[in-house]
Peer 1: 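Below you will find the structure I want to go over with you.
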Amino acid sequence: MKELKIFRALCLSAVFLLTASVLSAEDKLINTPFTRGVNMTSWFEPWSSSQGNLTYYDRSDIEHVKSLGADVIRLPVHFDNLSSGAPDYKINELTLQYLDKVVDWCEEMHIYLVIDNHSFNTGTYPTPKAVENHLQKVWPQIALRYSGRSSYVIYEILNEPNHIDAAVWNKIQEKALATIRSYDKKHTVVVTGADWGSIRALDTVQLYNDSNLIYTFHFYSPFVFTHQGAFWTSKEEEALSAIPFPYDKERMPPVPEKVKGTWMEEELLSKYPVNGTEMALRSELTAAADFSRKNNVPVWCGELGVYDRNSLPEDRVRWYQTTGALLRELNIPLTVWGYGGQFGLFRKNTHEVYPGDLDPAILSALGFTVPEKAGTPVPVEAIRLKIPFEIFDDFPRKRIEMNVWEDSIKRRKTLTACTENPEEGLYCIRWGNCRQYESLNFIFNNYEDLSAVYAGAAVSFKMRTTNPAQVFDVRFVNDENDGMKPWRMSYTVHTKDYAADGKWHTVTIPIASMKETGAWFQKDNKWYDGEGLFDWHNVYMLQFSAEQGTVSGDIFLDDIKITAE
């Protein structure tokens with residue numbers, strides 16, 4: 001009897017070893033060529049039609065990413081905004097030239113580059129027909145251009161398709177894949193499901209007849225935790241703060257007044273106790289792993305992260321630890337959203353200086369290499385603003401994001417890389433043609449400290465126009481963060497400040513002549529008059545705004561900087 005038990009045990013061991021061997025071989029079949037990396041956001045990601053923030057990052061930043069042990073970069077590219085738009089979507093040549101540079105750098109460093117078509121995530125989502133036309137026009141340009149490059153280049157057909165039937169999307173994606181393959185049969189292509197690229201969308205995504213695909217999903221569960229304070233989602237989500245992870249009844253904050261009686265109240269009280277647990281996260285991510293094994297296809301978590309605005313740092317780290325450990329256990333690669341920014345790898349409210357401002361706890365949680373000086377104080381001289389401080393000269397300064405808030409239907413759009421007779425260099429900015437409150441914005445990388453220089457400094461820029469009636473505001477703006485109001489320090493430019501003769505002239509605005517003009521507090525949806533509380537330690541952006549009314553005709557701008565008065 002004892003011998004029979006031993007024999008049975010040996011048989012079970014053999015079965016176990018054989019099964020393990022099979023699973024191991026299966027795991028190898030479904031592996032992607034990379035393991036972990038980052039999304040490099042804001043770089044080719046303009047929120048309006050423009051040439052993009054092409055100097056936001058450079059080669060040194062990719063070197064820094066590589067030093068973290070990353071072997072992949074997902075590069076979100078707004079091809080809709082970086083092209084001529086519908087119906088032809090001819091991609092800006094300048095965009096392609098800079099994309100070539102990124103491809104060169106990644107190939108040199110042996111790091112995979114996923115060219116992510118990150119279009120259509122602003123404004124109303126287009127019709128299925130419009131989406132299909134976009135893909136059919138964009139991908140021939142990209143596939144033809146990079147078909148001869150190394151296997152480090154990967155194509156992602158479209159980020160987070162939504163407001164579209166799954167069966168309809170599957171056919172659109174199939175046609176896009178066929179178009180890519182007609183130009184490029186070599187490179188890996190990333191496909192996804194229709195429901196915002198979620199894990200549940202894997203249930204309905206088509207299994208395409210192509211052996212060189214990766215199926216991607218994004219992971220932000222539970223959303224009430226990862227997006228608490230997010231103003232772009234819903235007013236209920238924006239009102240959330242200090243939600244703990246994992247769920248802890250004793251640490252749950254009171255339900256905010258704006259949330260009471262809404263769908264979010266039930267979400268917090270009834271659903272989060274279940275969804276805000278490791279078990280719930282494991283169940284979701286296991287479904288992605290099961291999809292991979294069942295269909296013998298690789299899966300990849302293309303985005304994950306926690307917005308740092310209203311989440312507590314220790315809870316944010318716990319979520320990354322839990323999610324990172326589960327993804328490693330399930331053999332699913334990841335790219336965190338993003339390298340910098342409020343979902344990224346740097347500590348909150350820092351200048352994102354490598355390596356000191358990196359968050360060691362989050363790096364470790366996600367399996368990245370932690371540089372020796374990560375989390376250490378950054379020398380003051382490394383972050384202190386020095387005059388003259390160039391903001392725009394052909395392109396925005398590195399780590400300054402330029403965008404435009406303007407009516408989507410206006411006839412003559414702002415052109416941020418205008419070649420119409422720049423004051424110097426290759427490009428200037430064509431602005432103007434604005435309705436009231438539209439603006440041109442230069443967003444500083446996690447704030448600039450002007451407290452030591454503003455008293456003797458000025459905003460200087462070159463301006464060219466033929467309209468003598470142009471009136472607009474130039475202003476510094478604080479961030480709306482942690483309850484702080486976005487106070488404005490403004491100067492209104494009038495006819496007396498420039499000559500409308502079609503020639504370039506320098507406009508100099510002493511900062512001492514600026515006045516605090518109030519704040520629009522989005523959190524309260526309310527205007528506040530100035531209270532003398534503008535914080536020069538925490539300057540979020542420099543803004544050219546049509547605050548006083550419509551600005552008619554072109555205004556050309558160049559050589560924008562902060563200089564000595």
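Just so you know, these numbers use all the heavy atoms, side chains as well, and skip hydrogens, waters and symmetry mates. Values in this document were obtained by computation on a predicted structure and should not be read as measured data.
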Peer 1: Considering residues, nucleotides and ligands other than K386, do more than 12 of their heavy atoms fall under 6.0 Å from its NZ?
Peer 2: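 For K386, atom NZ is crowded (more than 12 foreign heavy atoms under 6.0 Å).
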Peer 1: Mark yes when over 12 heavy atoms from residues, nucleotides or ligands other than F223 sit less than 6.0 Å from its CZ; otherwise mark no.
Peer 2: yes
Peer 1: Thinking salt bridges, do R464 and D558 make one under a 4.0 Å N-O criterion?
Peer 2: no
Peer 1: Salt bridge between D393 and K561, side-chain N to carboxylate O under 4.0 Å?
Peer 2: no
Peer 1: Any ion pair linking D308 and K348 (charged N to carboxylate O, less than 4.0 Å)?
Peer 2: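 Salt bridge absent between K348 and D308.
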Peer 1: Which value, rounded to the nearest 0.5 Å, describes the distance between N478 atom CG and R488 atom CZ?
Peer 2: 11.5 Å
Peer 1: Could you give me the CA-CA distance, side-chain angles and deciding distance for S451 and D449, then say whether side-chain hydrogen bond (donor to acceptor under 3.5 Å, both in side chains) is met?
Peer 2: CA-CA 6 Å; S451 60; D449 184 353; 2.5 Å; yes
Peer 1: Please answer whether the main-chain N or O of T466 pairs with a side-chain N or O of D501 as donor and acceptor at a distance below 3.5 Å.
Peer 2: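 It does not hold such a pair.
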Peer 1: So H110 and Y152, would you call those rings parallel, tilted or perpendicular, with 30° and 60° as cut-offs?
Peer 2: parallel
Peer 1: Give me the ring orientation class for Y454 and W536: parallel if the planes are under 30° apart, tilted from 30 to 60°, perpendicular past 60°.
Peer 2: parallel
Peer 1: Output yes when K101 and E108 qualify as a salt bridge under the 4.0 Å nitrogen-oxygen rule, no when they do not.
Peer 2: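 Looking at K101 and E108, the cut-off is not met.
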Peer 1: With a 4.0 Å cut-off on N to O distance, would you call E531 and K485 a salt bridge?
Peer 2: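 K485 and E531: not salt-bridged.
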Peer 1: Taking atom types as modelled and ignoring hydrogens, do the side chains of T414 and E406 form a donor-acceptor contact shorter than 3.5 angstrom?
Peer 2: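 Yes, because at least one side-chain N or O of T414 sits under 3.5 Å from a partner of the opposite role on E406.
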Peer 1: Per the side-chain hydrogen bond (donor to acceptor under 3.5 Å, both in side chains) rule, which among T335, T41, D116 passes with R74?
Peer 2: D116
Peer 1: Does D104 pair with R149 as a salt bridge, N-O distance under 4.0 Å?
Peer 2: yes
Peer 1: Which of parallel (below 30°), tilted (30 to 60°) and perpendicular (above 60°) describes Y339 and Y57?
Peer 2: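 Answer is tilted, since the angle falls between 30° and 60°.
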Peer 1: Please determine whether the number of non-hydrogen atoms from other residues, nucleotides or ligands lying under 6.0 Å from atom CZ of R59 exceeds 12.
Peer 2: yes
Peer 1: Using a strict cut-off of less than 4.0 Å between a Lys/Arg side-chain nitrogen and an Asp/Glu carboxylate oxygen, indicate whether R347 and D357 qualify as a salt bridge.
Peer 2: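 Yes, this pair counts.
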Peer 1: Applying side chain to side chain contact (heavy atoms under 4.5 Å, CB included) between E448 and each of H351, R384, H537, report the one that passes.
Peer 2: H351
Peer 1: Whether the N117 and S119 side chains hold a donor-acceptor pair (N or O, under 3.5 Å, no angle test) is what I'd like checked.
Peer 2: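 A donor-acceptor contact under 3.5 Å links the two side chains.
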Peer 1: Dump the intermediate steps for salt bridge (charged side-chain N to carboxylate O under 4.0 Å, His left out) on R475 and E547, then the final yes or no.
Peer 2: CA-CA 10 Å; R475 63 195 184 205; E547 185 70 19; 2.9 Å; yes
Peer 1: My understanding is that only one of M402, K462, R397 makes a side chain to side chain contact (heavy atoms under 4.5 Å, CB included) with F392; could you say which?
Peer 2: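 For F392, the side chain to side chain contact (heavy atoms under 4.5 Å, CB included) test succeeds with only one of M402, K462, R397, which is M402.
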Peer 1: Would you say E516's side chain and F534's backbone share a donor-acceptor pair under 3.5 angstrom?
Peer 2: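 It does hold such a pair.
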Peer 1: Any side-chain donor paired with an acceptor under 3.5 Å for S67 and Y354?
Peer 2: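 Their side chains do contain a donor-acceptor pair, which is all the 3.5 Å distance test asks for.
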Peer 1: Parallel, tilted or perpendicular: which fits the ring planes of W139 and Y155, with parallel below 30° and perpendicular above 60°?
Peer 2: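 Tilted, since the angle between the ring planes falls between 30° and 60°.
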Peer 1: Do the charged groups of D61 and K398 touch, with an N to O distance under 4.0 Å?
Peer 2: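 Yes, this pair counts.
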Peer 1: Please round to the nearest 0.5 Å and tell me the distance separating atom CG of L450 and atom CD1 of I387.
Peer 2: 7.5 Å
Peer 1: Could R399 and Y56 be counted as a cation-pi pair, given that NZ or CZ must be under 6.0 Å from the ring centre and within 45° of the axis?
Peer 2: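 Cation-pi check for R399 and Y56: passes.
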Peer 1: Charged N to carboxylate O under 4.0 angstrom, E480 versus R309?
Peer 2: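 So E480 pairs with R309 through a salt bridge.
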